[in-house]
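Structure first, commentary second.
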Amino acid sequence: MSAATSRTYGILAEFETPADVMHAAEQVRDAGYKKWDVHTPFPVHGMDQAMGLKNSVVGYFTFVGGATGLTLGMSMIWFMNKFDYAIVVGGKPLFSPLYAFPVSYELTILLGAFATLFGMFALNRLPRLHHPLLKHPRFRGATHDKFYIVIECVDSNYSGVETKALLEKAGGKHIEMVEE
Amino acid sequence: MASQGSIQNKVAPLTIPGWVKQLPLLMMGGGGLLALVGAFVDTKQFGYSYLVAFMVFLSLSLGSLFLLMMHHLFDANWSVPIRRFVEHLACLFPVLAILFLPIAILAKTIYPWMTLDPALDHSLHVKKVLFNQVSFYVVAAALFGIWTFYARGFRKASLEQDKTGAASCTQTMRRYAASGVFVFALSLTLAVIFWMKSLEHQWFSTMYGVYYFASSVWLALATTYVIALVLKRTGPLEHVVGNRQFHDIGVLFLTFTVFYAYITFSQYFLIWNAAIPEETFWYVKRERGSWWGIGMLILFGHFVVPFLLLLRIDFKLNAAVMIPLCVWAWMMHFCDMSFNIMPVLHPEGFKLNWIDVACMAFFAGVLSKVFLKDLNSHPVYPQRDPRIAETMGVYVEPAGSHSK
C-alpha cells in the first residue's frame with residue numbers, strides 16, 4: 001500500500017487535537033502542497049491561515065449576479081412601462097429609476113443570491129454523489145473527535161514516500177492510503 | 001499561533017510632526033475667533049453654520065455611543081482593542097452640552113417655529129406638545145444628561161476594570177448597553193426632531209431619526225478607522241490592533257453605507273410616491289438651485305462610490321484607499337447636514353460660507369483637544385478585559401482544562 005496507484009485517492013493522517021492538526025497543516029502548507037484538505041469535527045479558528053487559504057472568489061459571482069439583476073430589473077420595467085405599453089399611473093413619469101428601484105433591487109438580491117449559490121457549487125464541484133473518504137473506516141472520527149489531513153495523489157508535489165514522511169514528522173497517526 | 005501573521009501588520013511606523021500637534025489649539029483659537037466675529041457680523045448665518053457643525057460632531061459621539069452598546073450587546077471580542085478611544089469619543093457629550101449653549105441662546109433666530117403663534121399656524125398648533133419653548137429646553141437638558149450618564153458609565157466601568165480586572169465591570173457595561181440601546185433610539189430621535197427637523201416644523205417623516213442614526217454611525221466608523229490606524233502606526237496600539245479590526249470596521253462601514261442609502265431612499269421614495277404637498281415641499285425646496293447638485297453628490301458620494309470601493313476586502317485593509325475615503329465621509333456628512341439645515345436659510349442653493357468653515361474648525365479643535373487629553377491620561381486600550389488575549393490571537397487555556 002505504499003506506492004500510489006491510479007486507484008488511490010490520497011493519503012490520510014489522523015491527529016488527536018486541534019493544535020496538532022493546525023501545526024501539521026502549517027507544515028503541509030509550507031511544503032507547497034495544493035490539493036489537500038483538513039477535516040475537523042468543528043471549525044478551528046486560524047485554520048485558514050494555517051492552510052494558507054486565500055479569500056474565496058465567490059464574491060465576484062455575487063457581484064456579477066447582482067449587477068445583472070439590477071440592469072435586468074431596470075430595463076424590464078423601462079421596456080414594459082415606457083416602451084412596449086406606455087401607461088400613466090398615478091400621474092408619475094412613464095419611467096423613473098425611483099419607482100423601478102424596489103423591484104430592481106429585489107432582482108439584484110435574487111440574482112446575486114443565485115450567483116452566489118451556484119458559483120459556490122461550481123467552485124466546490126458540488127453536488128457530488130460520492131466521495132472516496134466517506135467509505136474509509138477511520139474517517140468516521142472526523143464527525144466525532146478526530147482530526148485529519150488528506151493529501152491527494154494528484155497533487156504535483158505528491159510522492160508516496162516523502163508525503164508519508166512529512167505527515168509522520170508532523171505528528172500524524174494511523175497514516176493510511178485512501179482508495180478511490 | 002497562526003493568526004500572528006495577520007496581527008503583525010506591515011506598516012511603517014509614523015511620527016506625528018510637531019505642527020500637527022498644534023492643530024487642535026490653532027483650530028480652536030482661530031475657528032473660535034472667526035466664528036465669534038461671524039456671530040456679530042451675521043447672526044443668522046452664524047446660527048445655521050453653527051448648527052450644521054454641531055449636528056456633524058454630535059453624530060460622532062452618538063455613533064460612538066452606539067458602537068459601545070453594540071460591542072457589549074454582542075459580547076464582541078474584535079472591538080476590544082478599539083473600545084477605549086471609542087469610549088473617549090462618546091464621553092465628549094458634556095463638552096457638546098456646553099457647545100450647545102449658543103444654539104440654545106440663538107434658538108429664536110434659528111428655529112422659525114419659536115417665533116410663530118400656534119393659534120395662527122395649524123401645523124404648529126397640532127405639534128404644540130413638542131414644539132414649545134419649555135419642551136425644547138427641558139428635552140435638550142435631559143438628552144445631554146442621558147447621554148453623559150451612559151457614556152460616563154461605560155468609561156467608568158471600563159477604567160475600573162483596568163485596575164481590578166473584575167468580571168463584574170463587564171457585566172455592569174452590559175447592563176448599561178442593554179438598557180441604553182432603547183434609551184439611545186428614543187433620545188437620538190428626539191434630538192434630531194428638535195434640532196434639525198423642526199427647522200421646517202410643517203414636515204412629516206417617520207424615518208428622520210433613523211436617517212440621522214445611520215449617518216452618525218457611518219461617520220463614527222470612518223473616524224474609528226482613522227484613529228485606530230494612527231494609533232497603530234504611532235505605536236500605542238501597534239500590537240493589539242491588526243487586520244481583523246480594520247477588516248471588521250470596514251465591514252461595518254460598508255453596512256452603514258448601505259443602511260444609510262436604504263433609509264435615505266425609503267424616505268424619499270415614500271414621499272415621492274405619495275406626493276402629498278405637506279411632505280413633498282421639503283424635497284421640492286432641495287431640488288432647487290445648486291441643492292439639486294448637492295443631492296446628487298450625496299447620492300453618489302455618500303453611497304455609490306463608498307459602496308463600490310468597500311466591496312473589496314483588500315481595499316478595506318488598504319490605508320491608501322481607506323484614509324481618503326474616511327476624510328471623504330466627513331465631507332459627505334457635512335454636505336448631508338447642510339442639505340438638511342441650510343435650504344431654510346439659503347433656498348437659492350448651497351453656498352460655502354466662511355462662518356461654516358470657522359464653526360467646523362472650532363468644533364474640530366475643541367473636541368480633538370478634549371479627546372486627546374482623555375486619550376493621553378488613560379491606558380490606550382482595555383488592559384484587563386476578559387477578551388483581550390483572545391482578540392490578540394493568544395490562546396489562554398482555561399484553568400483546570402489541561403489536555404494530555
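Here is how names work: the chains are called A, B, and so on, in the same order as the sequence lines, proteins then strands, and each is numbered from 1.
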Evaluate whether atom [atom1] of [X] has more than 12 neighbouring non-hydrogen atoms of other residues, nucleotides or ligands under 6.0 angstrom away.
X	atom1	value
E162(A)	CD	no
Y85(A)	OH	no
K35(A)	NZ	no

Checklist entry - Among residues 57-83 of chain A, which ones touch chain B with a heavy-atom distance under 4.5 Å? => result Y60(A), F63(A)
Checklist outcome for this item: Within residues 116-150 of chain A, contacts to chain B at heavy-atom distances under 4.5 Å involve none
Checklist entry - When only heavy atoms count and the cut-off is under 4.5 Å, which of residues 250-264 of chain B reach chain A? => result Y262(B)
Next on the checklist: Please enumerate all residues that pass side-chain contact (heavy atoms from CB on, under 4.5 Å) together with F269(B), with sequence neighbours excluded.
Outcome noted: Y99(A), P102(A), F265(B), W272(B), N273(B)
